[in-house]
There are 2 protein chains.
Amino acid sequence: MRAAERTADGENAPWGEVTPEAARKLLVAAVEAFAERGYHATTTRDIAGRAGMSPAALYIHYKTKEELLHRISRIGHDKALALLTAAADGGGTAAQRLAEAVRSFVRWHAEGHTTARVVQYELDALGPEHRAEIVELRRRSTATVRRILVDGVRDGEFDVPDVPGTTLAVLSLCIDVARWFNAAGARTPDEVGALYADLVLRMVAVRK
Amino acid sequence: MRAAERTADGENAPWGEVTPEAARKLLVAAVEAFAERGYHATTTRDIAGRAGMSPAALYIHYKTKEELLHRISRIGHDKALALLTAAADGGGTAAQRLAEAVRSFVRWHAEGHTTARVVQYELDALGPEHRAEIVELRRRSTATVRRILVDGVRDGEFDVPDVPGTTLAVLSLCIDVARWFNAAGARTPDEVGALYADLVLRMVAVRK
DNA sequence: GATGGCTCTAAGCGCTTGCTCACCCTCGGG
DNA sequence: CCCGAGGGTGAGCAAGCGCTTAGAGCCATC
């Protein structure tokens with residue numbers, strides 16, 4: 001195994017679970033292409049070209065272009081849900097758990113904004129069954145955040161008149177980072193994460 | 001002039017400035033198609049079909065499919081900037097102006113989520129010159145919101161450690177409404193606007 | 001009632017798309 | 001040294017793409 005590679009996402013070996021290597025190279029190429037130009041504007045020739053292979057090679061590892069998108073979306077949503085679950089189960093006060101959830105979720109959307117863009121904005125390109133599977137994962141992410149808010153309200157830490165609406169707003173705020181974040185911009189993923197965690201805590205704080 | 005028409009966007013005659021009628025019908029059809037399937041996945045035959053015309057009719061009123069997108073994007077961004085500017089110039093305290101800006105901006109993204117989705121998410125499909133023109137409008141929208149925050153901080157109404165970052169977050173929060181809002185959902189545009197105005201005011205409030 | 005200018009259509013051009021297929025290369029096991 | 005299996009390729013198919021063109025219908029003007 002060669003030394004850890006840094007990807008365009010700034011993560012270490014984020015697609016390690018995808019084997020064999022040719023399949024992983026194609027998937028990484030697809031993520032880049034989908035993020036840059038969108039799923040529908042990306043051709044199988046473009047994906048194969050980025051991976052240094054012929055168009056036909058794609059179909060050895062994936063049945064269709066849509067299956068490629070599904071693999072990407074599935075892995076990304078699994079990761080996102082894992083981050084939120086880890087924060088929610090991490091212990092500490094509700095405020096600490098909420099801050100950690102926002103921090104790590106935002107950081108993931110910023111560091112992996114290439115991947116996140118595909119994961120968050122190309123959902124409609126999935127077929128019905130694949131989309132249903134992904135939507136269920138998203139439902140669980142929402143439930144995880146809502147749970148933290150409910151805990152905080154119960155313990156008197158938070159003042160949240162509309163828990164479902166605020167849950168939606170918090171997730172929405174984090175997700176939209178993928179749209180505007182620019183790796184060449186002024187802010188690092190950590191800085192954005194810290195800023196957003198602060199803003200979210202203010203949104204739910206009890207007014208003294 | 002005929003009686004006010006209600007569109008899928010829930011706005012009154014939002015495309016009244018587009019003439020002749022055939023051009024407007026094509027543009028409305030394009031908005032729906034672009035919002036549903038995305039610019040690249042939409043065919044000129046689909047647009048023309050929705051408008052009840054032949055594919056060739058499109059090219060009488062618009063040079064290319066991209067010009068259609070540009071007209072939509074331009075009109076939408078003009079409207080968005082007008083909303084924000086009206087709120088910023090509306091008088092009252094900074095908090096009142098900020099709340100009104102968020103309320104109307106959110107309401108527009110919810111009521112016209114079809115249009116807003118095209119306006120906010122299909123920017124990359126524009127050609128370089130058209131995109132530059134739109135980006136300038138967006139810069140002015142950002143500046144308008146930032147001005148309200150700066151005023152509020154100056155007057156001691158707001159506590160905002162990071163004005164540019166918070167400006168970005170506020171706009172981001174509002175824009176993302178276009179992604180998740182569903183007209184058949186539980187909330188009306190007015191309710192979302194009120195909720196979001198409250199959340200944003202909490203984000204900038206001085207802590208007592 | 002011929003004319004010229006618009007709007008719109010039927011047909012289709014040249015090209016690209018997602019995907020397939022016949023075949024080739026490499027390489028470990030008998 | 002041959003073989004079979006599986007990853008890879010070049011060529012190409014049917015379908016669909018954005019867009020064009022020749023001409024039909026309409027209507028105000030002279």
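Here is how names work: the chains are called A, B, and so on, in the same order as the sequence lines, proteins then strands, and each is numbered from 1.
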_salt bridge (charged side-chain N to carboxylate O under 4.0 Å, His left out) evaluation trace for B:Glu100 with B:Arg103_ = CA-CA 5 Å; B:Glu100 177 55 25; B:Arg103 220 173 2 243; 3.2 Å; yes
*Is it the case that more than 12 heavy atoms not belonging to B:Arg37 sit under 6.0 Å from its CZ atom?*
no
Between the protein and nucleotides 6-8 of chain C, are there any N/O to N/O pairs under 3.5 Å, and if so, what are the atom names and distances?
| from | atom 1 | to | atom 2 | distance (Å) |
| --- | --- | --- | --- | --- |
| C:dC8 | OP2 | B:His61 | NE2 | 2.8 |

*Has the side chain of B:Tyr39 got a donor or acceptor atom that lies under 3.5 Å from a matching backbone atom of B:Glu66?*
yes
*In Å and rounded to the nearest 0.5 Å, what is the CD1 to OG1 distance from B:Ile148 to B:Thr167?*
9.5 Å
*asked:* Using a 3.5 Å distance criterion without hydrogens, assess whether the side chain of B:Tyr62 forms a donor-acceptor pair with backbone atoms of B:Leu69.
replied: no
*Do B:Glu122 and B:Ile72 pass the side chain to side chain contact (heavy atoms under 4.5 Å, CB included) test, and can you show the C-alpha distance, the side-chain angles, and the key distance before you say yes or no?*
CA-CA 10 Å; B:Glu122 302 292 347; B:Ile72 295 167; over 6 Å; no
_Donor-acceptor pair, distance only, cut-off 3.5 Å: does the side chain of B:Arg131 make one with the backbone of B:Asp124?_
yes
Between protein and nucleotides 17-20 of chain C, what N or O pairs are separated by less than 3.5 Å?
| from | atom 1 | to | atom 2 | distance (Å) |
| --- | --- | --- | --- | --- |
| C:dG18 | OP1 | A:Thr42 | O | 3.0 |
| C:dG18 | OP1 | A:Lys65 | NZ | 2.8 |
| C:dG18 | OP2 | A:Thr44 | N | 2.9 |
| C:dG18 | OP2 | A:Thr44 | OG1 | 3.2 |
| C:dG18 | N7 | A:Arg45 | NH1 | 3.0 |
| C:dG18 | O6 | A:Arg45 | NH2 | 3.0 |
| C:dC19 | OP2 | A:Tyr59 | OH | 2.8 |
| C:dC19 | OP2 | A:Lys65 | N | 3.0 |
| C:dC19 | O5' | A:Tyr59 | OH | 3.4 |

